[in-house]
Amino acid sequence: MPKVLAPSARGPMRLSLFLLPTLKESPAEAQIVSHRLSLRAGLVRQMSAGIYAWLALGFRVLKKIEQIVREEQDRAGCQEVLMPTVQSAELWQESGRYDDYGEEMLRFNDRHGREMLYGPTNEEMITDIFRQYVKSYRDLPKNLYQIQWKFRDEVRPRFGVMRGREFLMKDNYSFDLDFEGAKRSYENMYQTYLRTFARMGLTAIAVRADPGAIGGTLSQEFHILAETGESKVFYDAGLDSLGPEDVEAAQQLYACTEEKHDPAACTVPPDRLREARGIEVGHIFYFGTKYSKAMNVEVAGPNGESIVVEMGSYGIGISRLVGAIIEASHDEKGIVWPEPVAPFRVGLINLRSGDAACDKAADALYEKLNAAGIEVLYDDRDERSGVKFATMDLIGLPWQLVVGPRGVKNGVVELKRRAGGESEELSVESALARLVD
RNA sequence: CGGGGUGUAGCGCAGUCUGGUAGCGCACCUGCUUUGGGAGCAGGGGGUCGGGAGUUCGAAUCUCCCCACCCCGACCA
């Protein structure tokens with residue numbers, strides 16, 4: 001049967017058609033495990049310092065993460081928009097940040113000599129869009145988000161996609177009439193973030209970015225707990241048992257990064273104080289009227305009075321999450337993707353490509369998996385078993401389905417979980433049933 | 001931006017001190033043998049030695065200038 005390319009990027013795939021440049025050895029520049037594995041598993045390729053091309057496998061992960069973030073934003077009542085990456089300097093001059101931002105902003109001139117920049121964030125632009133259209137208190141609240149590439153010209157990019165100069169970020173912006181409304185928006189995002197990270201199979205802790213200010217600016221960072229995390233976090237064990245619904249309770253509990261942690265001010269009993277390492281993957285921030293004042297954003301109130309709107313902004317580092325998830329979920333053999341973000345759910349291994357019976361059994365199983373709508377990467381390459389196992393372990397698909405000469409003779413296939421490694425021999429039907437659940 | 005380091009085949013490295021026209025492992029190609037955890041043997045392809053200028057009969061190697069990348073620190077989704 002001729003090989004046919006899958007119709008969409010999210011479809012099934014035969015490994016013989018897939019660009020998967022795996023490496024046996026780690027490139028010297030990669031120091032931390034997620035960077036090493038993302039290069040070894042062929043997820044990305046570095047094109048410049050802190051700038052990466054997303055290869056087929058990595059792109060699928062990126063899209064999975066993006067989609068989860070998108071669904072949770074939509075569920076929270078936010079609307080997706082898409083703003084340009086290239087912005088004119090004018091808006092930034094208006095907010096006053098054009099001079100403040102410094103070297104991190106990538107600036108250039110267009111052919112007419114106009115000052116342009118590659119957006120590091122979008123507060124000015126979204127504020128401008130908002131003020132063009134929203135004139136009445138009746139139109140509030142609003143919460144707009146986008147998933148777009150940003151550029152921050154970091155002095156020292158590192159850690160692969162965890163700290164690139166170009167990165168994919170979900171950023172959203174809330175507009176409210178008063179502080180009470182802005183606080184509701186903030187808490188709504190707090191919940192949404194916990195839910196979003198939980199859906200990716202991650203444990204996230206919200207730490208106060210500014211624990212000292214009482215009743216002041218609201219700002220929290222979300223850290224994914226991973227042994228190799230960049231920053232140390234301290235938090236009240238009570239947070240471990242709280243879910244996304246428990247905003248009020250969670251906001252009362254202590255949680256800080258190492259820099260902000262003050263043992264003298266920490267009131268958590270020693271037996272409840274947890275210490276862990278984390279990677280910052282999200283940030284929520286209420287900033288009141290900082291931009292709306294500078295950029296003159298007012299709506300008419302019920303009595304015709306002018307009201308300066310209250311704003312907040314919220315970010316999730318989508319491309320950073322790819323690295324962060326690997327940091328949080330890997331072993332000595334490779335990546336262990338949590339199912340919701342895995343590039344494929346199942347890796348189908350034909351242990352003896354070229355053997356008529358094995359080819360027939362594996363091809364048939366591939367068709368059945370496709371028909372059942374299960375995302376499968378089918379290793380139909382003419383390679384030795386060891387190579388195929390090593391590849392599958394490295395790229396970390398949640399399930400491995402192994403078709404070999406032994407099993408084919410007995411009418412069974414082997415179903416193996418990447419995490420944990422437990423495996424069992426099952427009939428084709430039972431294996432399929434297990435995966436359909 | 002301060003401090004340190006590295007650029008030699010797709011990846012990992014040796015060769016540089018002491019100048020003589022480039023090598024090893026993996027990967028790749030061909031053949032045979034193998035075949036349930038990154039095979040063995042044999043043969044083969046691939047390099048403006050980061051770039052430019054200089055010194056020299058001759059430069060990967062010495063000198064000067066540039067560029068890129070990495071690590072530690074300060075800063076960040």
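Remember, it's a predicted structure, so these values are computed and weren't measured experimentally.
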Engineer: Specify the separation, in whole Å, of atom NZ of A:K388 and atom P of B:U34.
Structural biologist: 19 Å
Engineer: For B:C76, give its Watson-Crick or G-U wobble partner with both distances under 3.5 Å, or none.
Structural biologist: none
Engineer: Among B:G12, B:C75, B:C69, find the nucleotide with the atom closest to the side chain of A:S48.
Structural biologist: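 Side chain of A:S48 sits closest to B:C69.
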Engineer: Counting side-chain heavy atoms from CB outward, which of B:C75, B:U35, B:G36 is closest to A:E154?
Structural biologist: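 Of B:C75, B:U35, B:G36, B:C75 is nearest to the side chain of A:E154.
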Engineer: Write down the distance separating the P atoms in B:C26 and B:G73, rounded off to the nearest Å.
Structural biologist: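 It works out to 36 Å between them.
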Engineer: Could you check which nucleotide pairs with B:U48 in any of the strands shown, counting Watson-Crick or G-U wobble with both distances under 3.5 Å?
Structural biologist: none
Engineer: Should A:F389 be counted as stacked on B:G38, where stacking needs a ring-centre gap under 5.5 Å and an angle between planes under 30 degrees?
Structural biologist: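 No; by the centre-distance and plane-angle rule, A:F389 does not count as stacking on B:G38.
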Engineer: Given that both distances must come in under 3.5 Å, which nucleotide forms a Watson-Crick or G-U wobble pair with B:U6?
Structural biologist: B:A68
Engineer: What does A:Q31 touch in the nucleic acid at a heavy-atom separation under 4.0 angstrom: a base, only the sugar-phosphate, or nothing?
Structural biologist: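 Since only primed, P, OP1 and OP2 atoms lie under 4.0 Å of A:Q31, the category is sugar-phosphate.
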Engineer: Remember a base hit wins even if backbone is also touched, and classify A:G42 as base, sugar-phosphate or nothing at under 4.0 Å, heavy atoms.
Structural biologist: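 Since no nucleic acid heavy atom lies under 4.0 Å of A:G42, the category is nothing.
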Engineer: I'd like the P distance from B:A9 over to B:C67, given in whole Å.
Structural biologist: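 So the two P atoms sit 22 Å from each other.
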Engineer: Are A:Y291 and A:R97 close enough that a side-chain donor and a side-chain acceptor fall under 3.5 Å?
Structural biologist: yes
Engineer: In whole Å, measure the gap between the C1' atoms of B:G51 and B:G47 for me.
Structural biologist: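 16 Å, rounded to whole Å.
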Engineer: Specify the separation, in whole Å, of atom CZ of A:F159 and atom C1' of B:C71.
Structural biologist: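 Checked: the CZ to C1' distance equals 10 Å.
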Engineer: Using the P atom as the point on both nucleotides, what is the distance between B:G46 and B:C29, in whole Å?
Structural biologist: 16 Å
Engineer: Does the side chain of A:K170 pick up a donor-acceptor pair with the side chain of A:T196 at under 3.5 Å?
Structural biologist: no
Engineer: Mind running salt bridge (Lys or Arg N to Asp or Glu O under 4.0 Å) on A:D331 and A:R418 for me, showing each step along the way?
Structural biologist: CA-CA 10 Å; A:D331 62 19; A:R418 176 64 180 85; 2.8 Å; yes
Engineer: Specify the separation, in whole Å, of atom CE of A:M392 and atom P of B:G36.
Structural biologist: 18 Å
Engineer: Looking at every strand, decide which applies to A:G386 at a 4.0 Å heavy-atom threshold: base, sugar-phosphate, or nothing.
Structural biologist: sugar-phosphate
Engineer: Side-chain N or O of A:R384 less than 4.0 angstrom from OP1 or OP2 on B:A39?
Structural biologist: yes
Engineer: Will you find, in the side chains of A:Q220 and A:Y193, an N or O donor that is under 3.5 Å from an N or O acceptor?
Structural biologist: no
Engineer: Compare side-chain N and O positions of A:R156 against OP1 and OP2 of B:C72 and report whether any pair is under 4.0 Å apart.
Structural biologist: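 For B:C72, OP1/OP2 do have a side-chain N/O of A:R156 under 4.0 Å.
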Engineer: Side-chain N or O of A:R158 less than 4.0 angstrom from OP1 or OP2 on B:C70?
Structural biologist: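 So the side-chain polar atoms of A:R158 never come under 4.0 Å of the phosphate oxygens OP1 or OP2 of B:C70.
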Engineer: Tell me the interatomic distance from A:E29, atom CD, to B:G10, atom P, rounded to whole angstroms.
Structural biologist: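 Distance, rounded to whole Å: 14 Å.
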Engineer: Considering only the P atoms, how many Å lie between B:U63 and B:U6, rounded to the nearest integer?
Structural biologist: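 My reading of the P atoms in B:U63 and B:U6 gives 14 Å.
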Engineer: Which residue, A:Q46 or A:G315, contacts RNA chain B at a nucleotide closer to its 5' end, judged by nearest heavy atom?
Structural biologist: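 Upstream on the strand: A:Q46.
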Engineer: Suppose we define a pair by two distances each less than 3.5 Å, Watson-Crick or G-U wobble; what does B:U35 pair with here?
Structural biologist: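 Answer to the pairing question: none, since B:U35 forms no Watson-Crick or G-U pair.
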Engineer: Where the side chain of A:E280 is defined as all heavy atoms beyond and including C-beta, which of B:A77, B:C13, B:G36 is the nearest nucleotide?
Structural biologist: B:A77
Engineer: May I ask you to check whether A:Q191 and A:E187 show a side-chain donor-acceptor distance below 3.5 Å?
Structural biologist: no
Engineer: Go through the side-chain N and O atoms of A:S427 and A:S430 and say whether any donor and acceptor fall under 3.5 Å apart.
Structural biologist: yes
Engineer: Distance check needed: B:C76 C1' versus A:D171 CG, whole Å only.
Structural biologist: 15 Å
Engineer: If I take atom CZ in residue A:R381 and atom C1' in nucleotide B:A39, what distance separates them, rounded to the nearest angstrom?
Structural biologist: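 Rounding to the nearest Å, CZ of A:R381 and C1' of B:A39 are 15 Å apart.
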Engineer: Do any side-chain nitrogens or oxygens of A:K24 fall under 4.0 Å of OP1 or OP2 in B:A27?
Structural biologist: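 Yes.
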Engineer: Can you tell me, in whole Å, how much space there is between the C1' of B:G44 and that of B:U18?
Structural biologist: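 Going atom to atom, C1' in each nucleotide, I get 35 Å.
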Engineer: What's A:V281 touching, base or sugar-phosphate or nothing? Going by heavy atoms closer than 4.0 Å.
Structural biologist: sugar-phosphate
Engineer: Need one value for A:G282: base, sugar-phosphate or nothing, where a base atom within 4.0 Å counts as base even if backbone is also close, heavy atoms only.
Structural biologist: sugar-phosphate
Engineer: Nearest whole Å is fine: how far is B:C13 C1' from A:L23 CG?
Structural biologist: 15 Å
Engineer: Side chain of A:E25, base of B:G25: donor and acceptor closer than 3.5 Å?
Structural biologist: yes
Engineer: Are a donor atom and an acceptor atom from the side chains of A:R70 and A:Q73 found within less than 3.5 Å of each other?
Structural biologist: no
Engineer: What's A:R40 touching, base or sugar-phosphate or nothing? Going by heavy atoms closer than 4.0 Å.
Structural biologist: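 Base contact.
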Engineer: Does the structure place the NZ or CZ of A:R152 under 6.0 Å from the centre of the six-membered ring of A:F167, at an angle of no more than 45° from the ring's axis?
Structural biologist: no
Engineer: I want to confirm an ordering. Mapping A:L394 and A:E104 to their closest nucleotides on RNA chain B, which one lands closer to the 5' end?
Structural biologist: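 Looking at the nearest nucleotide for each, A:L394 comes out on the 5' side.
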Engineer: Provide the Watson-Crick or G-U wobble partner of B:A14, both distances under 3.5 Å; none if there is no partner.
Structural biologist: none
Engineer: Return the pairing partner of B:U63 with a 3.5 Å limit on both distances, Watson-Crick or G-U wobble; otherwise return none.
Structural biologist: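 Pair assignment: B:U63 / B:A53.
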Engineer: For atom P, what is the distance between B:G45 and B:G23, given to the nearest Å?
Structural biologist: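 Looking at atom P only, B:G45 and B:G23 are 12 Å apart.
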Engineer: Describe the nucleic acid contact of A:E230 in one word from base, sugar-phosphate, nothing, applying a heavy-atom distance below 4.0 Å.
Structural biologist: base
Engineer: Separation of A:D355 atom CG from B:U35 atom P, in whole Å?
Structural biologist: 13 Å
Engineer: Taking the C1' atom of each, how far is B:G2 from B:C75, in whole Å?
Structural biologist: 13 Å
